[in-house]
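Note sheet for the following structure.
No experiment lies behind these values; they were computed from the predicted model shown.
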Amino acid sequence: QVQLVESGGGLVQAGGSLRLSCAASGRTFSTSAMGWFRQAPGKEREFVAAINWNGGNTYYADSVKGRFTISKDNAKNTGSLQMNSLKPEDTAVYYCAARSGMLAKITWSDYAYWGRGTQVTVSS
């Protein structure tokens, strides 16, 4: 079992930055791949970024590539998503997710463990 709690969301102007954190509890997080997903009002949940269990491989949605950076610290049982050059279309609730497998996946149904989400609002 893995429990996840996100933090770091907020209101920021376009072009600004935010860093989302994901605090994990449970002994299996260190061997779990992790992902970030987001959901805007009226839209489906979409993939943002994912990372293998040891941080060896990362994957990004085209819409955030070059602006967002995912990381994972197994020693601290935390993950993060650094978001730079934010745009109004990045506005959404952001969710941290973990899966039992070691390899990152980009489909939300591959993740069994989810946080409650943190709101990110980017004003124009």
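Across all their heavy atoms, Asn77 and Ser30 have their closest contact at OD1-N, 4.5 Å. Closest approach of Ser124 to Pro88, counting heavy atoms only: CB-CG, 3.8 Å. Cys22 and Trp36 make their closest contact through CB-CZ2, 3.7 Å (heavy atoms, listed as atom of the first residue, atom of the second, distance). Closest approach of Ala92 to Ala40, counting heavy atoms only: CB-N, 3.8 Å.
Distance CG/Leu81 to OG1/Thr118: 11.0 Å, rounded to 0.5 Å. If you take OG on Ser71 and CD on Gln82, they are separated by 8.5 Å, rounding to the nearest 0.5 Å. Here CD of Gln3 is found 4.0 Å from OG of Ser25. Values are rounded to the nearest 0.5 Å.
In this structure, the side-chain contact (heavy atoms from CB on, under 4.5 Å) partners of Val120, at least two apart in sequence or on a different chain, are Leu18, Leu20, Met83, Tyr94, Val122. For Arg19, the salt bridge (charged side-chain N to carboxylate O under 4.0 Å, His left out) criterion is met by no residue, not counting sequence neighbours. The side-chain contact (heavy atoms from CB on, under 4.5 Å) test applied to Lys65 returns Tyr60, Asp62, not counting sequence neighbours. Take Glu89 and apply the salt bridge (charged side-chain N to carboxylate O under 4.0 Å, His left out) test, not counting sequence neighbours, and it matches no residue. Here Lys76 pairs with nothing under the salt bridge (charged side-chain N to carboxylate O under 4.0 Å, His left out) rule; sequence neighbours left out.
One N or O on the side chain of Ser32 and one on the backbone of Arg99 form a donor-acceptor pair closer than 3.5 Å. One N or O on the side chain of Lys72 and one on the backbone of Trp53 form a donor-acceptor pair closer than 3.5 Å. Asn52 places no side-chain N or O within 3.5 Å of a backbone atom of Leu103 that could act as its donor or acceptor partner. Proximity of a side-chain donor or acceptor of Gln1 to a complementary backbone N or O of Gly26 within less than 3.5 Å is not detected.
Between the side chains of Thr91 and Thr121, no donor-acceptor pair of N or O atoms lies under 3.5 Å. Thr78 and Asp73 are not linked by any side-chain donor-acceptor pair at a separation below 3.5 angstrom, with hydrogens and angles left out of the test. A donor-acceptor pair shorter than 3.5 Å cannot be found between the side chains of Ser123 and Gln13.
Side-chain heavy atoms closer than 4.5 Å link hydrophobic residues (I, L, V, M, F, W, Y) into clusters, and following such links, even through other members, never connects Val64 to Ile106. One hydrophobic cluster holds both Val48 and Met34 under the rule that ILVMFWY side chains link at heavy-atom gaps under 4.5 Å. Phe47 and Ile70 end up in different hydrophobic clusters when Ile, Leu, Val, Met, Phe, Trp and Tyr side chains are linked at under 4.5 Å.
Listed by first and then second residue, the ring-ring contact (aromatic ring centres under 6.0 Å, His included) pairs involving residues 102-124 are Phe37-Tyr111, Phe37-Trp114 (not counting sequence neighbours).
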Legend entry - From CA spacing to verdict: side-chain contact (heavy atoms from CB on, under 4.5 Å), Leu4, Tyr95: CA-CA 9 Å; Leu4 304 170; Tyr95 298 91; over 6 Å; no
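A salt bridge links Arg38 and Glu46; the closest N-O separation between the charged side-chain nitrogens and carboxylate oxygens is under 4.0 Å.
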